[in-house]
Amino acid sequence: MNLAATSSRVALVTGGIGGLGTEICRHLARAGARVIAVDLASREERVAAFRGEVASFKGAITFEPVDVSDFSSCQQLFARVEQQCGHVDILVNAAGITRDASLRKMTAQQWHELMQVNLDGVFNMCRNAVEGMSERGFGRIVNISSVNGQTGQFGQTNYSAAKAGVHGFSMALAREVARKGVTVNSVSPGYCDTPMVAAVSAEIRAQIVAGIPVGRLGSPADIARAVAFLAADEAGYITGANLPVNGGYFMSF
Ligand code: CAA
C-alpha cells in the first residue's frame with residue numbers, strides 16, 4: 001500500500017517556494033497530487049528559480065501568488081484555483097517568518113508582522129478552505145508549527161506564541177470538522193537546513209545543533225515526508241495531532 005497516496009487530489013502549499021515549502025510540493029506531487037505552490041509574487045527571482053527547480057514535474061507543480069496575511073488575497077486565490085484546477089483537497093500552511101528579538105527589545109511592528117503571517121495566515125487560508133472540504137466530505141489540512149512552539153526559545157516570544165497558537169487552532173478546527181472527512185494536524189519541525197535557520201548566528205546555531213540527539217539539522221525532506229504522510233487519503237483516522245520531527249530535540253510523555 002502506498003501510504004502517501006494523494007492521487008488526483010489538488011493541494012495548496014503556502015510558503016510554497018520557501019525553505020520547507022518546495023520540498024513539501026515535491027513530495028505531494030510524487031504522491032500523485034496536482035500541487036499549487038503559493039507565495040508572495042514580490043519574490044520574483046525566487047519564483048523564477050522555483051519554476052526551474054520543479055520543471056521536471058511537467059506541470060504537476062505550478063505557482064500562484066498570494067499574500068497569506070491578507071484575507072481577500074486568500075479568497076481570490078481560492079476562486080482562481082477552483083476555476084483552473086478544481087476543488088482544493090489538501091491545504092498545507094507552511095508560510096512563516098521570524099522577527100527574532102528578546103521581548104525587551106521587540107517592537108510592536110515585529111510582533112504584529114509575525115502574527116499576521118504565521119497565525120492570521122493560517123486562519124485566512126483555512127477559513128477559505130474548510131467549507132468546501134466539509135461539503136465534499138474530504139479534506140486534509142496540515143499546519144506547520146515548530147518545536148519552539150512547544151519549548152519556547154530565547155528571542156522568540158512572538159514566533160513561539162504563534163506556533164503554539166497554530167497547534168491550538170489545529171486541534172479546535174479538527175474537532176469542528178472531524179465528522180466531515182476533514183482532518184487537521186500540525187507538524188512541528190525542529191531546526192532544519194533552511195535559510196530561516198541559517199539566519200541565526202553561527203555561535204547560537206552550533207549550540208542548538210549540539211543539543212539535537214540525532215546530531216544534525218533536519219532536512220526539508222524529513223519534514224515533507226511527515227506532511228505527505230498526514231495528507232494521504234489513508235490518514236483519515238489521524239486528526240488534531242501534532243507530529244514533532246526534530247531529531248529528538250524535544251521529547252515529551
Ligand atoms: N540563550 C540564552 N541567553 C541568551 C541567548 C540565548 N539564545 N541569546 C542572548 N542571550 C543572553 C546574552 O548572553 C546576554 O546576556 P548578558 O546580558 O548577561 O550579557 C543577553 O541575553 C542579551 O540579551 P539581548 O536581548 O541583548 O539579546 P541579543 O540581542 O543579544 O540576542 C537574539 C537576541 C538575536 C534573538 C538571540 O537570542 C538569538 O539568536 N536567539 C535564538 C533565536 C532562534 O533560535 N531563532 C530560531 C530561528 S529558526 C526557526 O524559528 C525555525 C524553527 O521553527 C525551529
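Atoms within a ligand are numbered from 1 in the order they appear, just like the ligands themselves. Quick caveat, the model's predicted, so the values are computed rather than measured.
For ligand 1, the atoms closer than 4.0 angstrom to any heavy atom of Gly155 are 35 (C). Listed by number with element, the atoms of ligand 1 under 4.0 Å from a non-hydrogen atom of Thr98 are 50 (O). Residue Ser102 approaches ligand 1 through these ligand atoms, each under 4.0 Å from one of its heavy atoms: 24 (P), 25 (O). Per-residue contacts place Val197 under 4.0 angstrom from the following atoms of ligand 1 (heavy atoms of the residue considered): 48 (S). Residue contact check: Gln153 has heavy atoms under 4.0 Å from atoms 41 (C), 43 (C), 44 (O) of ligand 1. Numbered from 1 in the order shown, with element, the atoms of ligand 1 that lie under 4.0 Å from a heavy atom of Gln156 read 45 (N), 46 (C), 47 (C), 50 (O).
Within a 4.0 Å radius of atom 39 (O) of ligand 1, the protein has at least one heavy atom. Distances from atom 13 (O) of ligand 1 to the protein include no heavy-atom value under 4.0 Å. The presence of a protein heavy atom under 4.0 Å from atom 6 (C) of ligand 1 is confirmed. Distance check for atom 47 (C) of ligand 1: a protein heavy atom is found below 4.0 Å. Within the 4.0 Å cut-off (strictly below), no protein heavy atom is located near atom 16 (P) of ligand 1. Less than 4.0 angstrom separates atom 30 (O) of ligand 1 from none of the non-hydrogen atoms of the protein.
In terms of protein heavy-atom proximity, atom 43 (C) of ligand 1 is nearest to Asp100 OD2, 3.5 Å. When hydrogens are left out, the protein atom nearest atom 51 (C) of ligand 1 is Tyr159 OH, 3.4 Å; that is the closest non-hydrogen contact. Protein heavy atom at the shortest distance from atom 37 (O) of ligand 1 is Phe154 CD2, 3.1 Å. Nearest non-hydrogen protein atom to atom 36 (C) of ligand 1 is Ile204 CD1, 3.7 Å. When hydrogens are left out, the protein atom nearest atom 24 (P) of ligand 1 is Lys105 NZ, 3.6 Å; that is the closest non-hydrogen contact.
Side-chain N/O atoms of Ser219 and Arg225 include no donor and acceptor closer than 3.5 Å. Looking only at atom types and distance, the side chain of Arg34 has a donor-acceptor partner in the side chain of Thr62 under 3.5 Å away.
The heavy-atom pair separating Ser146 from Tyr159 by the smallest distance is OG-CE2, 3.6 Å. Here the closest heavy-atom approach between residue Lys163 and residue Ser145 is recorded as O-OG, 2.7 Å. Nearest heavy-atom pair, Ile36 versus Glu64, reported as atom, atom and distance to 0.1 Å: CG2-CG, 3.6 Å. Of all the heavy atoms in Ser134 and Val177, the pair that sits closest is OG-CG1, 3.7 Å. Counting all heavy atoms, side chain and backbone alike, Ala95 lies closest to Thr14 at N-OG1, 3.0 Å. Between Met106 and Arg99 the shortest heavy-atom distance is CE-O, 4.2 Å.
Looking only at side-chain heavy atoms (C-beta outward), Cys74 and Val66 come within less than 4.5 Å of each other. The closest side-chain heavy-atom distance from Arg43 to Ile17 is below 4.5 Å. Contact of the Val117 side chain with the Asp120 side chain is not registered, since no non-hydrogen atoms from C-beta on lie closer than 4.5 Å.
Residue contacts with ligand 1 for Asn148 involve side-chain atoms from C-beta outward but no N, CA, C or O (heavy atoms, distance under 4.0 Å). No part of Lys163 comes within 4.0 Å of ligand 1, judged by heavy-atom distances.
Among Ala101, Gly190, Ser146, the residue whose heavy atom lies closest to atom 53 (O) of ligand 1 is Ser146.
A cation-pi arrangement is present between Arg9 and Phe138, with the terminal nitrogen or guanidinium carbon under 6.0 Å from the aromatic centre and inside a 45° cone about the axis.
Hydrophobic clustering (side-chain heavy atoms under 4.5 Å, transitive across Ile, Leu, Val, Met, Phe, Trp, Tyr) keeps Val38 apart from Leu40.
Judged by the shortest distance from any of its heavy atoms, Arg104 lies inside the 4.0 Å radius around the atoms of ligand 1.
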